[in-house]
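Quick notes on the structure that follows.
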There are 2 protein chains.
Amino acid sequence: MMSPQVTLKTISKYTGFSVTTVSRALTGYNDVAKETREIILAAANKLGYYPNLTARQLQKQRNDTIGLILPTYGPRFNDPYFSELIAGIGNQLSNFGMSLLLSVQAPGPDEISAYRHMVEGKRVDGLIVVRTRNEDERIKYLLTTSLPFVVFGRSNIGTSFNFIDEDGEAGVYELTEYLISLGHKRIGFISAPFNLMFANYRLEGYRKALIDHGIDFNLQYVYEGDLTRKGGELGAKKLLSLAEKPTAILASNDLMALSAMSSAQEIGLTIGKDLSIAGFDDIPPSDVFSLTTLRQPIYHIGCLLSSMLYKLIQNETLDEPQVLLKPQLIIRNSTGERLVD
Amino acid sequence: MMSPQVTLKTISKYTGFSVTTVSRALTGYNDVAKETREIILAAANKLGYYPNLTARQLQKQRNDTIGLILPTYGPRFNDPYFSELIAGIGNQLSNFGMSLLLSVQAPGPDEISAYRHMVEGKRVDGLIVVRTRNEDERIKYLLTTSLPFVVFGRSNIGTSFNFIDEDGEAGVYELTEYLISLGHKRIGFISAPFNLMFANYRLEGYRKALIDHGIDFNLQYVYEGDLTRKGGELGAKKLLSLAEKPTAILASNDLMALSAMSSAQEIGLTIGKDLSIAGFDDIPPSDVFSLTTLRQPIYHIGCLLSSMLYKLIQNETLDEPQVLLKPQLIIRNSTGERLVD
DNA sequence: GAATTTATCCGAAACGTTTCGGATAAATTC
DNA sequence: GAATTTATCCGAAACGTTTCGGATAAATTC
């Protein structure tokens with residue numbers, strides 16, 4: 001089936017030089033005569049030689065590969081940005097001549113096995129962890145190994161590690177403050193599931209902004225959504241059925257915000273007038289529907305993650321081992337001055 | 001840095017049995033005494049042995065890995081479904097104990113190099129090609145190798161190959177016919193870039209449905225969009241500025257449809273009444289905005305691609321080497337009977 | 001009880017690289 | 001012209017597995 005493999009040995013036999021010399025000629029050592037090198041290069045070219053990467057990896061004890069395990073459930077999971085994150089990671093990686101080994105494994109008992117497989121099977125030189133959770137066991141595990149890794153997101157595990165995260169708290173604080181400046185006092189919040197770290201930071205930004213401006217933080221105005229359309233819809237319905245209805249609603253991601261927007265419209269509210277709505281992510285359709293939101297530079301974060309990890313693998317020290325990026329507030333028409341009540 | 005590697009040799013020294021016996025005990029050969037096996041297993045356990053996958057790969061000439069190269073440009077590329085596709089591919093793959101090596105490489109001169117790297121560097125047992133183009137050179141290249149591969153999408157290269165594709169033509173045909181049945185006669189079409197294969201199939205479904213129902217196919221009503229918000233907006237503007245305005249607009253993807261929807265609303269049109277709009281993909285926000293569309297089972301397609309490729313790698317023959325899946329028409333409120341004109 | 005079978009084990013080679021530590025012959029030095 | 005340096009090359013070992021083809025001793029057969 002496979003065309004017969006052309007190896008160093010093939011070239012060695014073909015040219016009469018030893019495998020050592022062929023190897024050294026091909027990898028550019030300077031103890032090979034110019035003429036010899038040319039002969040060998042010509043032969044390699046003619047025979048169609050391409051180094052066997054697996055053999056090289058075994059010998060060099062280096063894979064030039066990093067791992068990423070997507071913590072994802074079945075179809076229709078809510079990660080509008082995994083593609084973009086992967087694009088950032090992958091593009092940057094190829095600048096370093098490295099590749100990405102990707103697995104998909106839903107959180108659960110098999111998840112750590114997937115990590116062990118990559119780490120202890122020595123398949124990767126480093127790992128990227130995404131979507132951090134409370135007491136994140138993946139990070140705890142990796143800390144017990146000596147493998148370099150970087151994390152997208154923070155976790156409350158008591159030990160420090162290298163990470164990049166968006167500053168969800170600062171972002172939502174700014175957004176909430178902006179809504180308050182528009183006159184809003186009753187602001188609803190549709191949160192992400194509380195076991196996800198980012199959910200807490202975003203909620204905290206909201207809470208702090210309220211308090212700092214003398215507004216009570218009232219759990220009645222907080223709904224724990226599931227990041228999907230359904231969550232936004234249920235959240236909006238619940239919040240809008242309160243006796244004292246909110247005049248603005250923040251959602252922890254754009255999909256829920258868009259869905260809340262649509263629900264509110266259905267009961268006759270005009271968005272940006274009767275009710276202000278804002279989200280988080282800036283997914284492409286948000287632009288279309290003029291949703292005020294916070295933009296995370298996901299692609300850029302992917303690039304940064306790769307660069308950090310690459311430095312760690314090269315045994316360089318990071319000058320910034322923990323990076324917090326402030327999301328950018330994008331003001332559009334879904335938010336406006338409080339008019340009602 | 002790295003904790004000292006525990007290899008078969010370590011266990012061999014520790015237990016006094018040869019490396020051969022240790023290997024055979026660990027991989028379950030039946031020519032090892034039960035007692036011996038137990039001693040070896042206990043030692044492996046105690047020492048924390050995990051087989052070095054790279055070494056195994058080299059020896060077995062098998063990587064248990066397949067490759068996928070994402071043909072993607074910088075940030076904000078328009079592939080709402082790459083995450084979902086990858087989730088499908090990856091989940092299915094892990095059922096087979098295989099992993100996914102992923103690269104990101106924009107179409108262009110370096111793209112084939114990325115393929116050569118995986119193929120000729122013997123890093124993968126098979127490949128998946130996505131987002132097919134006219135005269136797709138990636139497929140042409142892979143056909144010159146003996147490596148198994150499957151393609152998501154078709155291409156006009158004159159040689160047959162294994163693929164799965166959604167039947168865009170049949171889907172759009174059905175959708176167009178549906179619009180015609182609602183009384184629409186002037187139907188605009190916002191297409192994807194013509195160099196992408198799927199663009200042509202979708203356009204063709206539209207064209208055929210018109211012709212079959214005695215409606216002229218008029219290029220004036222076709223706009224070549226870029227799959228982004230901008231494309232939908234420009235398409236809608238152009239089509240709605242025609243002397244004889246369309247009463248319905250089809251877009252080649254949901255993002256352009258949603259954007260067209262928003263543009264039309266801005267100039268005072270009521271969607272589903274004054275103007276019907278439909279898309280293709282069924283991305284999550286489409287549900288929110290009640291967009292009529294065609295749903296592709298992307299996750300399922302990912303699973304199928306993995307299964308097909310796995311069979312090929314096992315040297316089994318495919319009973320269905322070329323699969324065409326009909327997308328499902330999802331009728332929502334963005335389409336309705338022709339009222340105007 | 002000799003011949004055969006069976007259970008258990010292992011040495012050596014192989015997968016395709018890289019690299020250490022020379023070896024050899026030519027060139028240079030004094 | 002002997003001693004030293006330099007240019008060029010290579011054998012062997014190693015990375016950590018798997019597997020071929022036995023070897024040995026015990027068990028079984030007749």
Side-chain angles (χ1 to χ4, degrees), chain A residues 1-41 43-44 47-65 117 119-125, chain B residues 1-41 43-44 47-65 117 119-125:
Chain A
M1 186 85 194
M2 301 285 283
S3 58
Q5 171 128 265
V6 177
T7 70
L8 292 179
K9 209 166 160 190
T10 321
I11 301 177
S12 165
K13 277 183 186 150
Y14 187 86
T15 60
F17 291 102
S18 74
V19 166
T20 300
T21 301
V22 172
S23 171
R24 296 176 83 83
L26 255 25
T27 43
Y29 275 72
N30 63 356
D31 69 345
V32 181
K34 204 201 292 181
E35 203 189 347
T36 307
R37 181 190 314 280
E38 275 160 13
I39 293 172
I40 290 174
L41 281 176
L47 297 170
Y49 173 75
Y50 205 99
N52 182 308
L53 267 16
T54 306
R56 182 177 281 176
Q57 283 163 15
L58 177 61
Q59 155 62 33
K60 292 210 153 187
Q61 297 289 82
R62 235 257 206 188
N63 292 81
D64 290 324
T65 301
H117 193 66
V119 174
E120 298 174 36
K122 303 265 187 302
R123 290 211 68 184
V124 296
D125 301 327
Chain B
M1 187 84 195
M2 301 284 283
S3 58
Q5 170 127 262
V6 177
T7 69
L8 293 180
K9 211 167 159 190
T10 321
I11 302 179
S12 165
K13 277 183 187 152
Y14 187 84
T15 59
F17 291 101
S18 74
V19 166
T20 300
T21 301
V22 173
S23 171
R24 295 176 84 84
L26 256 24
T27 43
Y29 274 72
N30 63 358
D31 69 347
V32 181
K34 203 201 290 180
E35 202 190 346
T36 306
R37 182 191 314 281
E38 274 159 14
I39 293 172
I40 290 175
L41 281 176
L47 298 170
Y49 173 75
Y50 205 98
N52 182 307
L53 268 13
T54 306
R56 182 177 280 176
Q57 283 163 16
L58 176 61
Q59 156 63 33
K60 292 210 152 187
Q61 298 289 81
R62 237 258 206 183
N63 292 80
D64 290 324
T65 301
H117 193 67
V119 175
E120 299 175 35
K122 302 265 188 305
R123 291 211 67 184
V124 296
D125 301 328

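What you see is a predicted model; the values in this text were computed from it and never measured. All chains are named by letter (A, B, ...) in the order of the sequence lines, taking the proteins before the strands, and each is independently numbered beginning at 1.
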Expressed as a whole number of angstroms, how long is the span from [X]:[atom1] to [N]:[atom2]?
X: Leu53(B); N: dC15(D); atom1: CG; atom2: C1'; value: 15 Å
X: Asp64(B); N: dT17(D); atom1: CG; atom2: P; value: 16 Å
X: Ile11(B); N: dT17(D); atom1: CD1; atom2: C1'; value: 12 Å
X: Leu8(A); N: dC15(C); atom1: CG; atom2: C1'; value: 13 Å
X: Tyr50(A); N: dG16(C); atom1: OH; atom2: P; value: 17 Å
X: Asn52(B); N: dA14(D); atom1: CG; atom2: C1'; value: 13 Å
X: Asn30(A); N: dT6(D); atom1: CG; atom2: C1'; value: 12 Å
X: Arg123(A); N: dG16(D); atom1: CZ; atom2: P; value: 17 Å

Compare every heavy atom of Ala25(B) with every heavy atom of Arg37(B), then report the nearest pair and how far apart it is.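 The answer is NH1-O, 3.1 Å.
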Rounded distance (nearest 0.5 Å) linking atom [atom1] of [X] with atom [atom2] of [Y]:
X: Gln59(A); Y: Leu58(B); atom1: CD; atom2: CG; result: 11.0 Å
X: Gln5(A); Y: Glu120(B); atom1: CD; atom2: CD; result: 10.5 Å
X: Ile39(A); Y: Lys34(A); atom1: CD1; atom2: NZ; result: 13.0 Å
X: Gln57(A); Y: Leu53(B); atom1: CD; atom2: CG; result: 11.0 Å
X: Thr54(B); Y: Gln61(A); atom1: OG1; atom2: CD; result: 8.0 Å
X: Lys122(A); Y: Asn63(A); atom1: NZ; atom2: CG; result: 10.0 Å

Side chain to side chain donor-acceptor pair (under 3.5 Å) pairs, two or more places apart, involving residues 17-29 of chain A: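 Every side chain to side chain donor-acceptor pair (under 3.5 Å) pair that includes a residue of residues 17-29 of chain A, provided the two are not neighbours, is Ser18(A)-Thr21(A), Arg24(A)-Asp31(A).
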List for me each residue that meets side-chain contact (heavy atoms from CB on, under 4.5 Å) alongside Lys13(A), sequence neighbours excluded, and say none if there are none.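 Lys13(A) satisfies side-chain contact (heavy atoms from CB on, under 4.5 Å) with Lys9(A) only.
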With sequence neighbours excluded, what pairs up with Leu47(B) under the side-chain contact (heavy atoms from CB on, under 4.5 Å) test?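 Here the qualifying residues are Val6(B), Thr10(B), Ile11(B), Tyr14(B).
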Within residues 55-62 of chain A, which residues have any heavy atom lying less than 4.0 Å from an atom of DNA chain D?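 Heavy-atom contacts with DNA chain D come from Leu58(A), Gln59(A), Gln61(A).
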Only one of Ile40(A), Val22(A), Thr7(A) passes side chain to side chain contact (heavy atoms under 4.5 Å, CB included) with Ser12(A); say which it is.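 In the set Ile40(A), Val22(A), Thr7(A), the residue that makes a side chain to side chain contact (heavy atoms under 4.5 Å, CB included) with Ser12(A) is Val22(A).
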Wobble G-U and Watson-Crick pairs count when both distances are under 3.5 Å; given that, what is the 5' to 3' dot-bracket string of DNA chain C, with | for pairing to other strands? ||||||||||||||||||||||||||||||
Less than 4.0 angstrom between a side-chain N/O of Tyr49(A) and OP1 or OP2 of dT17(C), yes or no?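 True: Tyr49(A) side-chain N/O within range (under 4.0 Å) of dT17(C) OP1/OP2.
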Please list, for nucleotides 9-11 of chain C, all pairs of protein and nucleotide N/O atoms separated by less than 3.5 Å.
unit_1: dC9(C); atom_1: OP1; unit_2: Thr36(B); atom_2: OG1; d: 2.6
unit_1: dC9(C); atom_1: OP2; unit_2: Ala33(B); atom_2: N; d: 2.8
unit_1: dC9(C); atom_1: OP2; unit_2: Thr36(B); atom_2: OG1; d: 3.0
unit_1: dC9(C); atom_1: N4; unit_2: Asp31(B); atom_2: OD2; d: 3.0
unit_1: dC10(C); atom_1: OP2; unit_2: Ser18(B); atom_2: N; d: 2.8
unit_1: dC10(C); atom_1: OP2; unit_2: Ser18(B); atom_2: OG; d: 3.2
unit_1: dC10(C); atom_1: OP2; unit_2: Thr21(B); atom_2: OG1; d: 2.7
unit_1: dG11(C); atom_1: N7; unit_2: Thr20(B); atom_2: OG1; d: 3.2
unit_1: dG11(C); atom_1: O6; unit_2: Thr20(B); atom_2: OG1; d: 3.1

Compare the minimum distances between each of dT19(C), dT17(D), dT18(D) and the side chain of Ser23(A), then state the nucleotide with the smallest one.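 Nearest nucleotide to the side chain: dT19(C).
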